[in-house]
Amino acid sequence: MSSFYTASDHFVLIPAIMLALFGCAVLLFDLLVEPRQRKYLVLLVTAGEIFTGVALVRQQMYLSANGLSQLAAFQGSLTVDGFAIFFNWIFLAATLIVAMVSYKYLDIAGEHHGEYYGLLLLAQCGMFFLAAGTDLITLFIGLELMALCFYVMVGFLRTEKRSNEAAMKYLLLGAFSSGFLVYGFSVMYGISGSTKLADVASAIGSRQPWDPVVFLAMVTTTVGLLFKISAVPFHMWAPDAYEGAPTTVTAYLSVASKAASMAFLLRIFLGPLAPARVSWEWLLSAVAIATMTVGNLAAINQNNIKRLLAYSSISHAGYMLLGLIAGNDTGIKGVAVYVLVYTFMNLGAFLVVVALRRKDIIGEELDDIAGLIHRSPGYASLMLIFLLSLAGIPPTAGFLGKYYIFLSLVETQHYTLAVIAVLYVAVAIYYYFRIVRAMFIRDAADRVPLASSLGLRVALGVSGVLTLGIGIYPEPFLQMAQVSLMR
Amino acid sequence: MNAVPLSWYLTLSGVLFTLGAAGFLFRRNIITVFMSIELMLNAVNLSFISFSYAFRRVDGQIFTFFVMVVAAAEAAVGLAIILTVFKNRNTLNIDDLNSMKDEYQPAQPEEASETAPVSVP
């Protein structure tokens with residue numbers, strides 16, 4: 001009989017323990033500090049992230065020192081490998097950046113509560129399990145831990161109608177999709193008699209790929225997963241949730257939640273569902289085309305920047321799916337690089353929108369960003385970098401992400417998909433440049449200075465440097481993404 | 001005397017799940033929609049339990065406990081959100097939650113309405 005909680009189990013779990021501990025610590029400290037000092041809770045979040053980061057580094061060093069590609073714990077329900085560590089660094093960076101910019105925004109919005117920071121850390125704890133889980137139960141609990149924190153954060157502006165409404169829609173559709181997902185899991189359990197991903201994979205592998213039961217499991221699980229990454233036709237919640245949520249939460253939702261769901265999706269599709277590849281490849285191709293079409297075309301007419309970026313993030317989910325459809329090493333590496341790059345450029349773009357929120361000015365419409373170059377050249381040029389990167393124009397990081405995705409499509413002879421994807425890049429350039437045009441050509445609507453804080457400037461600087469840096473000097477990041485492939 | 005075969009439980013679970021999904025899609029009251037989601041999760045529980053019983057393995061029952069915990073947590077968060085929605089709007093009809101829309105209209109209709117009064121006099 002194997003022992004229940006060994007030293008190596010503990011070693012694997014430390015990042016999650018740290019996140020949960022500090023998440024709870026934030027909730028307790030919130031009772032001690034004065035309302036005016038709540039911003040110091042960010043320091044506690046930072047401390048928690050440092051401990052988590054150290055734990056991740058130790059895991060990484062342990063793996064490379066012993067020449068291991070993975071370290072399993074809890075009888076194989078949790079696995080730390082390059083993949084998990086890579087995604088956890090993304091979650092860590094996103095959480096830290098969002099925590100830094102939040103205190104000013106929440107002060108202005110008049111809803112500065114300590115719970116917010118606790119929820120950030122607990123959501124990240126859920127993401128840890130999504131990236132490292134190799135058991136259906138672990139993955140499901142991780143997903144729900146993350147999602148429940150997000151439901152609350154989206155509705156954080158209690159007195160604002162749009163925020164309530166966003167939370168309501170996100171909650172209902174999120175719970176609905178979890179229902180489908182967990183139904184798919186129950187069918188997988190029925191097929192294999194086990195909840196371990198490896199057992200499910202071998203059980204599915206021993207059946208025909210078009211076996212109706214496998215197909216049922218595949219379709220229901222896919223529906224649940226596509227909801228989470230907001231792929232068409234399950235994207236309806238995203239624009240509303242993104243628009244109604246506090247902008248800092250929107251930034252977090254669009255980046256960390258999407259990265260975690262993408263990690264989850266890769267775990268499922270490259271694990272248990274990999275043997276049934278022929279039955280889902282066409283399905284995902286259709287979804288990817290529909291996602292790019294709806295995301296890009298619907299973004300054209302938006303006048304609300306958050307809504308525009310919401311549709312743009314839907315289309316980015318489509319590009320990420322393309323890497324999985326190609327399915328070769330370049331493709332999976334492409335998805336990893338794309339998620340990394342997308343994290344910083346999309347965060348950056350939303351952070352500029354965060355800065356537009358001032359007392360009495362919501363600052364989410366295209367008119368609000370007009371003439372930004374005259375009011376604040378620094379913010380305007382950073383926004384330009386983020387938008388160029390989102391559009392995928394060469395010197396920036398966004399190009400790198402798209403490059404690997406397209407390369408993998410060509411390598412696997414998915415020429416039609418590649419052509420469609422490239423065509424939609426042109427459409428994307430059009431609507432991103434609507435924002436650029438507003439910033440640089442139109443006159444400013446108001447003269448109220450932008451909301452600025454130390455945290456916001458640092459966060460924007462980091463995002464900007466990384467967005468440009470990954471584009472100009474990509475080698476170390478490509479190396480990281482390569483490591484993430486060692487599954 | 002024979003026991004009830006596994007397929008009957010699974011059919012019942014499938015029917016309950018479909019009813020839950022249909023309720024989610026066609027009901028208009030938020031509370032009812034929320035109950036439909038609970039029905040879906042309970043259908044899943046039934047399917048886990050019956051598989052677990054058929055295999056004589058305990059994992060499925062453990063999963064059921066976790067699904068129940070998640071359903072309870074979701075209900076707690078969900079009812080809190082429903083409460084704030086009701087406080088702000090005094091309605092629980094899902095069709096009234098429509099303050100955010102895609103903005104296709106503003107460009108053309110606004111121009112039209114601006115030009116129309118000019119052309120009338």
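In what follows, every chain begins at residue 1, and chains take the letters A, B, ... in the order their sequences are listed. Computed over heavy atoms, backbone and side chain alike; hydrogens, waters and symmetry mates excluded.
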Inset, instruction - Dump the intermediate steps for side chain to side chain contact (heavy atoms under 4.5 Å, CB included) on B:V33 and A:F176, then the final yes or no. - result: CA-CA 10 Å; B:V33 167; A:F176 182 62; over 6 Å; no
Inset, instruction - Verify side chain to side chain contact (heavy atoms under 4.5 Å, CB included) between B:F51 and A:I191, making sure each step is shown before the conclusion. - result: CA-CA 9 Å; B:F51 277 129; A:I191 293 172; over 6 Å; no
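Aromatic pair B:F48/A:F185: ring centres not closer than 6.0 Å.
With chain A as the partner, the residue from B:A54, B:S13, B:S52 showing the most heavy-atom pairs under 4.5 Å is B:S52. Here B:V70 is the residue among B:I82, B:I30, B:V70 with the most heavy-atom pairs under 4.5 Å with chain A. Between chain B and the residues A:V152, A:V187, A:L172, the largest count of heavy-atom pairs under 4.5 Å involves A:L172. In terms of heavy-atom pairs under 4.5 Å with chain B, the best-connected choice from A:A167, A:G155, A:A175 is A:A175. Put simply, of A:L145, A:L136, A:D240, the one with the most heavy-atom pairs under 4.5 Å next to chain B is A:D240.
In this structure, chain A has no heavy atom under 4.5 Å from any part of B:N45. With a 4.5 angstrom heavy-atom cutoff, B:A21 touches chain A via backbone and side-chain atoms both. Looking at B:V67, the atoms closer than 4.5 Å to chain A (heavy atoms on both sides) sit in the backbone and in the side chain alike. For B:L41, the part lying near chain A is the side chain, with the backbone staying farther off; criterion is any non-hydrogen pair under 4.5 Å. Looking at A:A147, neither its backbone nor its side chain comes within 4.5 Å of chain B, counting heavy atoms on both sides.
We find the CG-OG1 distance between B:N88 and A:T159 to be 7.0 Å, quoted to the nearest 0.5 Å. Rounded to the nearest 0.5 Å, atoms NZ (A:K169) and CE (B:M100) are 5.0 Å apart. The line from CD of A:E165 to OG1 of B:T84 is 11.5 Å long, rounded to the nearest 0.5 Å. Considering CD1 of B:I94 and CE of A:M168, their distance stands at 6.5 Å, rounded to 0.5 Å.
For residues 137-155 of chain A, every residue pair satisfying the side chain to side chain donor-acceptor pair (under 3.5 Å) rule, not counting sequence neighbours, is listed here: A:E144-A:S178. Here side chain to side chain donor-acceptor pair (under 3.5 Å) pairs that include residues 183-202 of chain A, with residues two or more places apart or in two chains, are A:D135-A:T195, A:D135-A:K196, A:S186-B:S47, A:S194-A:D199.
Side chain of A:R162 to main chain of B:S99: no donor-acceptor pair is present (N/O by atom type, distance under 3.5 Å, no hydrogens or angles).
Contact record, A:G179 with B:V44: O-CG2, 4.0 Å, taken as the closest heavy-atom pair. A pairwise comparison of heavy atoms in A:L171 and B:G78 identifies CD2-CA, 3.3 Å as the closest pair.
Around the CZ atom of B:F55, the shell of radius 6.0 Å holds more than 12 heavy atoms that belong to other residues, nucleotides or ligands. By the neighbour-count criterion of 12 heavy atoms within 6.0 Å, atom CZ of A:R442 is densely surrounded, having more than that number from other residues, nucleotides or ligands. Annotation for B:R28: atom CZ counts as buried by contact number, over 12 foreign heavy atoms lying within 6.0 Å.
The side-chain heavy atoms of B:K87 and A:R158, taken from C-beta on, include no pair separated by under 4.5 Å. Contact check for B:F86 versus A:N164: no side-chain heavy atoms found under the 4.5 Å cut-off.
Taking the six-membered ring for Trp and thresholds of 30 and 60 degrees, A:F140 and B:F63 have ring planes inclined between 30 and 60 degrees apart.
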